[in-house]
Amino acid sequence: MYSECVSLADSILSQSSSEENVLRSFPSAVGREVVGPVIRSLQELVLGKSIGDTDPLSLPEHVQWVMQTVGYGLTLPLSELSLLQGCVDVYQDWLSSLYFQKNTVPLPIRQDPNHYAQIIFSQLSSLFVPREGEPRLLEDHAFLCKKVIDIVRSLMVVKGLNMNRDTWASVFEFLLHICDLLLSPPSQSPSLGTSLCESLIRVLFSAWLRACKDTFPVPNLWKTLREFCCRWRHHPQLIQQWSEVMFSLSAHLVSYLYGSKHLSFLRQQNSSLFGSAQFSGSDFNPLIKDLDYSITVQAWFRLLHTLGNLVDLLHPDVITGTPSFRRALGGSSVGASPLTPSVQSCVDMLPFIFEEAMSALLKQVTIFIGQDSSLNTNAKGGKGGKPLGLSAALKPGSVGFRSPSVRRKETSTALSKSTFYTPSPVQTPPSKGGEKEAEKGGGGGVSEPFYINLSPDPASPPFSALDLAASGGSGTSRGRTTGSLPRKDEGMIGKPRGNSLLHIFGVWLFEAAAWTGKDRNGLSLISKRPTSSVADIQELMKLHQRIKDYEAGRAEAISCLCHIFSQLPCGEDVLRVYLSRFYHCLSVCLTYDSQVCTGQVLTRTILGSVSLLRKDLIGFNILIPQYLSSIENILPVHVDEVKFRCDVPVNKLRRASIQILLSMLPLPLHYIHLKIPDLVTLLDSVRTVQSLSDSGDTFYSLKNRVIKLMFAAMETEKDPVNMQMLLHGFNILIHDIFIYESSVSKMMSGGGGGGEEKEDQADCVGGTEKPSDALSLNTLFHQACLSAHFALQNWSNDNIVTLAALELLSDLARLQFDALSHVGCRDAVQWVCEFIESQSQQKPFLQTKSLHTSIVAGFITLIIWIMEHPHLLAHEFCLASILRVTEFGITGTFSKSETGVILKGDKELRPISGRVGEMAEFLLYCIMEKFGSFPSPCGPAAGGSLLTEEELIKQLITNNTKSPPTTIPKFRYFLIDNSLILGLLEGSFSEEEGTLPTVTGVIRGPSSRQVWTVQLRHHPRSHNPSTLHLKSQPRPTPLATSPSCPNLVRPPWPDGGKINGLKLSGSIPNLDEIIDESSKPLHREFSQLTNNQIGVESNIQSQLKRFQDQTPFPNPARALEPPEVKKNLDTARLFLSHLGLLNMDHLQGLPGQPSLSLLDSSSLSFRSSLGSLDRMPTRYCDTVFVMYCSKGQAKPEEILRTQLPLQNKSGEYIQFLHGLGWIVDPFRHPGFTGKLRPETSEDGGSSHGILNAQIPLRPFPYYADAITEIAFVTPTHYTSANESVSSVRSVESSDSGPDSSSVSGDPLSLPPSSLLAPQPLPSWSAPSGSGVSKSQVTAGEGGGVGLSRPMRASTSQSSAGTTLTAESADTPRRRVQPPRDCAVLVVWLEVFEDHLSFPLVPMSKLLYRVGGPGGKSEPSLPVLFIHKMRSGLYQISAKTGSSPGGPLIDGMVVSSRCLSTLVRQTVINICARHRMENEGYSPPHIKRKRKIEEMSAHFGQRLTPAGLYSELITTTTVNVESSSQ
């Protein structure tokens, strides 16, 4: 930088040593006798006392004589301490004339203070010459010297200081001389140098900064300062003070470059750094805060290089190669002779000093890079608003560089008046008062000063700081540029480029990080050891220890490099030479050898490399094997068994290693057979290109290594956050492998065209070639289930781990492949049941909210497993386990216990918590109602039947066209057990079956709404015509002759002959025995009547006998005929009777019996209550706002206005949308659409919902399973609040179809194959029970697993087989949408750094006001940012707040094949966690159940059994015309 400048070091030292004093010619006693009275008299003058009638120092000659005396007094020995003190006091009073006029100061000094101040500074250096004496006197000497230093420091901070260039020259001559005098020799303790080291360096830097403001030093003096500082680098105080100065200067420079907002953000972000006493209370801040922009940049750049090459601290021979060290060593160098104790202590301090220097560089980089790029997004600088980097700011400008041919070389005799200069007034803002300060400093200056211009100059070519340092600061003058400089309240340039930072700091950082014990020439120090074997071992041990000592500094250097490369913005390229040197440094730092390494470098490298895999650095993948090898030294080892030194908590180190490992997960299947060359091979120039291609492993070969490392990490992990990350990583890994192998299987089975084309496609996805030890998908599936089971067992008391494990099991349940083991599925369900049972039986004081949350999550996991795998309930043991935990969840006890068996009817419903009981009840609902019946005939979008009462009545009228009835029965509504509303309609929908007893029931329950039609049939529908039983059946053909009736002799009963009589039988006498004379007439009369009757009957029998004999057989008149079919049946009563609901026990409401009551449907509000119940969802309804954020968009209105049309977006984004779910038409879609009807509050405003934005009715992705509905909508059309609310209402209430022009050409209405070129597609078999058939599943190209648009059923099949025609498909099924449970924001970014400036809180307020737990409002929605990297992988940034659901968490990198699937699963898990964290949240079935109870209270009729029977018998009809209307 200063190669053509002349150093002034020799002149300063020679001039200081050549000073003469006349008193030195006399004996020392004479000098003391002269100095004593003079000093005492001067002290009285200082105190304001008069020593005579006239002023003794009124003439300049008198003052000069006195100053000669005082100067001699400063050289007296320490025994004359009082005289030394007096000399200092006198000069302190006289120096005040530089800024204040005092009467105690002699008149000549007041008239020309600068001249005498120069003499004073020249003489004060004599006080700092070391003297011999007692320890007490040495302390007093140090106190006097410290007082002089404080005097100079007070001058630097005083306002109105009037010092010209010559005075400044004297100050620097004085400071540099005394610093070199005390600091250049090896430090000894105690000594004057060690006592004053910190104060000397601080006052030197303070004076230099004050001079930069008043009169900027010339390059000669800067070079002199650099030479002197290089002699003092063995003092740690120099590095510490330099670090403090550079930190304050950098913060001041940042306020100019980026604006005060950025600096405030840095203070908040790095409060520990900015808030430390070293920097917050720094003495340099008052001196720096008034520096203008130009001076700040010049001072910062020059002071940065004041210490020379910081890597020299690695080489003791360089640091101890100064003249002072050579004199201490007797003229020899380090290593040539034994070291003295003082020199050895300095050498021992070099590792610590080196660490301090590298730490200072890291702080510099942290200030410039910052963390929030949103504050610099719109910062512009220069003409035309072109953003500038730091290297652009360091290019030669008009006011800066002097040509070498024009620059005058400074002489070395003394400091001339041209030593200092003031910058041109053009470069100083008028507000700073630059012109006045220039005049105060003496004006003038050199004609073309050596001054680097950092103001923006578009006309200047790019010029880096590295080029500037290499050329010694020379440049070509390109003329002067006028213009205003940036203010502190506004930024001038954008964030510094990585190349700019590496230009400035890279030359030190690369060399320091890659140092492995070599000297300055690159030769290994081991080769210089002696030939003796014992000496070899000793020298080798010393070298190893030296490498270990410097490892802390190297750790700071590699950490700084990783920080620079980790903060590179999206799309910024770094010079290849920097990339290669950085990779070499990483390769060296990742190598761990216990003999020569302590582990500090490896630790800091791992901690700093977390984000490197996500930065798309060219060629970075060659380091993947080395990173794996390093991580294998960390993760498989237990926390308390780590052998190397770790300066951070081991959990943080393991977390960084896990993050790096997770970033590697998609690489083996993304690059597949791509070779990974060895870095050593790449550096070997002898190898040919062919040998490079043949060397190294492939990425696919790392697959098993990564998997086994994850399993090993899980077994040794003790931190819950790390464990959660590993579980999410398993989830991503299984999905990626599953989709990859499915696509390969589909392609190789014939889905990819002809033979050659198939081979090409196979090569694209990696072919069929696998390692011999490759793990099968079923094995990985089972291992993942075991990992989740391991987490549930060992982390049962940690909520975040158990939730992550249950999420893993839930996501695994949705995977379906041919080789899936049923045994593994049953094991997974059994493990979940055991977890729920063990958690539920915890002691009462352990029953917390988090524990209940994990139990609720376990029930949700069980629901997903049984709905996706129906075979589980077919297994007896599995079914028993599920019912056991369900029973315990609802009742709080088990039926079978140690005390005996408790019948379910005898149990009290006392669950451990309301949430647990509700979720167990929901599980029971799914088993009894949804199992085997999902999806419904209407498709997965419909949670139940779509038929309404109006449609059924209309169908009843229109189907009976031949004989339309004049009246039809109305619906009658019954309430069963206070939890089920049953609406019954009597009548047949078919004219042919009109005589069959038919009843249609609309069943509204907590979990669904179903419509069933029941008919009473005497024959099965499949074997007999439907009308066969309605015709009269003919009598069977009789026999030709009448059958004869056999004469049967009927024995008496009882058989008296076989049964022995009893004495009791004789107790009743015969009738003949009791007749007496008085009763004989009556008996005779009775006998006569009996005989007459016998005669009449015999006569009749004989007549009948004769008639039968005369009548022909068979007789047609007497043939039997069947009765007529009864048409007027009370089918509703018959249906209820068949169900057993009309028993008296039920009607009387006896315990243990379901009750039946009648609802009053005549009320006007009953219909609206039914509509409210129908609008309540039966599943969780979640909304995902999907947005596309273009480059630089940072305002909500900008983002919303550019969402449409989708044709302008990237093809990958469209493929991503197709992979999220089925593309549905909102006008024909019966499910959830993500919209809200804003509820109007009392003040007329919208209480919640969509604000200032609307969701247009256009095709959108939709996904549904048995328990969840998700609508992926795109909000747009930013308008005012009133217009937006009205537009939402008008859109939702509209029943007209969509405009064809708005839908035509919509990418969401096109098949995915028409958007991108054909690529190898993964295949996915739809899970049974998930509502997705194979015909509804397609592979999304570049968007993961794509779900094709499901066909909406236009007919509804009843249970009896009757086909019911639904209404027109153009009419929306749900005119009013149910409110959603929670919402998530998914943002596709063109530039990844835009996630820092994304307006999350304002956008959340526009879209959705989130209601948090306890009624509190969360600040923003959970958001997932997605950015496509140049490698084709996708980087994820997640801000999920209090609901950190997985598997996608912040920092994940995933492949395109599983992106959509993982985003969908993450959204489901985030919303599930959001609901579980809210204790006041009620599931959909509970809301519906409460609504039914409310309707029961309002519309229930309390009738007696007789009254209910009367109502059932009464037929209620309505006129057809009025009904149709």
Is there a side-chain contact between [X] and [Y], using heavy atoms and a 4.5 Å cut-off?
{"X": "L509", "Y": "F505", "value": "yes"}
{"X": "S248", "Y": "H252", "value": "no"}
{"X": "F228", "Y": "I12", "value": "yes"}
{"X": "F174", "Y": "V148", "value": "yes"}
{"X": "L238", "Y": "I353", "value": "no"}
{"X": "I558", "Y": "C585", "value": "yes"}
{"X": "P496", "Y": "Y258", "value": "yes"}
{"X": "S587", "Y": "L623", "value": "yes"}

Using modelled atom types and a 3.5 Å cut-off, is there a donor and acceptor pairing between side-chain atoms of [X] and backbone atoms of [Y]?
{"X": "S243", "Y": "I239", "result": "no"}
{"X": "R554", "Y": "A513", "result": "yes"}
{"X": "T224", "Y": "L8", "result": "yes"}
{"X": "W242", "Y": "L303", "result": "yes"}
{"X": "H503", "Y": "N499", "result": "yes"}
{"X": "S580", "Y": "V577", "result": "yes"}
{"X": "H234", "Y": "P185", "result": "yes"}
{"X": "S566", "Y": "C562", "result": "yes"}
{"X": "Q241", "Y": "E198", "result": "no"}
{"X": "N220", "Y": "V6", "result": "yes"}

What pairs with R231 under salt bridge (Lys or Arg N to Asp or Glu O under 4.0 Å), at least two apart in sequence or on another chain?
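Checked R231 against salt bridge (Lys or Arg N to Asp or Glu O under 4.0 Å); matches are D180.
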Considering all heavy atoms, the nearest [X]-[Y] contact:
{"X": "A211", "Y": "F172", "result": "CB-CZ, 3.5 Å"}
{"X": "S199", "Y": "I149", "result": "O-CG2, 3.6 Å"}
{"X": "F354", "Y": "A512", "result": "CZ-CB, 3.6 Å"}
{"X": "C212", "Y": "L291", "result": "C-CD2, 4.4 Å"}
{"X": "P316", "Y": "Y550", "result": "CG-OH, 4.2 Å"}
{"X": "L607", "Y": "K652", "result": "CD2-O, 3.8 Å"}

Verdict with supporting geometry, M246 and L361, side chain to side chain contact (heavy atoms under 4.5 Å, CB included):
CA-CA 9 Å; M246 292 308 303; L361 295 182; over 6 Å; no
With rounding to the nearest 0.5 angstrom, report the [atom1] to [atom2] distance, [X] to [Y].
{"X": "Q364", "Y": "L304", "atom1": "CD", "atom2": "CG", "result": "6.5 Å"}
{"X": "K289", "Y": "K213", "atom1": "NZ", "atom2": "NZ", "result": "9.0 Å"}
{"X": "M349", "Y": "C346", "atom1": "CE", "atom2": "SG", "result": "8.5 Å"}
{"X": "E227", "Y": "D10", "atom1": "CD", "atom2": "CG", "result": "8.0 Å"}
{"X": "L196", "Y": "L182", "atom1": "CG", "atom2": "CG", "result": "6.5 Å"}
{"X": "L200", "Y": "I178", "atom1": "CG", "atom2": "CD1", "result": "5.0 Å"}

Can R604 and E556 be counted as an ion pair, charged N to O under 4.0 angstrom?
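A salt bridge links R604 with E556.
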List the steps and the verdict of side chain to side chain contact (heavy atoms under 4.5 Å, CB included) for W168 and E173.
CA-CA 8 Å; W168 277 111; E173 180 182 355; over 6 Å; no
Using side chain to side chain contact (heavy atoms under 4.5 Å, CB included), reason through L586 and L612 one step at a time and then give a plain yes or no.
CA-CA 11 Å; L586 288 177; L612 292 179; 4.2 Å; yes
When the ring centroid of F510 is compared with that of F582, is the distance short of 6.0 Å?
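Not under 6.0 Å, so no.
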Would you check if the distance from the ring center of F368 to the ring center of W300 is below 6.0 Å?
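Yes; W300 has its ring centre under 6.0 Å from that of F368.
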Fit a plane to each ring of F301 and H305, take the angle between them on a 0 to 90° scale, and name the class: parallel (under 30°), tilted (30 to 60°) or perpendicular (over 60°).
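Correct class here is tilted.
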List the steps and the verdict of salt bridge (Lys or Arg N to Asp or Glu O under 4.0 Å) for E244 and R202.
CA-CA 10 Å; E244 185 176 342; R202 182 174 291 273; 3.1 Å; yes
Between R497 and S500, is there a side-chain donor-acceptor contact under 3.5 Å, judged purely by atom types and distance?
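There is no such pair (donor and acceptor under 3.5 Å, judged by atom type) between the side chains of S500 and R497.
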Let's go through W208 and W222 carefully: what are the C-alpha distance in whole Å and the side-chain angles of both, what is the deciding distance for ring pair (Phe, Tyr, Trp, His ring centres under 6.0 Å) to 0.1 Å, and is it a yes or a no?
CA-CA 10 Å; W208 214 275; W222 284 100; 5.6 Å; yes
For a side chain to side chain contact (heavy atoms under 4.5 Å, CB included) check, start with the C-alpha distance between R581 and L502, then their side-chain angles and the critical distance, and finish with the verdict.
CA-CA 11 Å; R581 295 194 67 182; L502 294 174; over 6 Å; no
Taking only residues two or more places apart in sequence or in another chain, which ones pass ring pair (Phe, Tyr, Trp, His ring centres under 6.0 Å) with F620?
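Testing F620 for ring pair (Phe, Tyr, Trp, His ring centres under 6.0 Å), a comparison that skips the adjacent residues, returns Y583, Y627.
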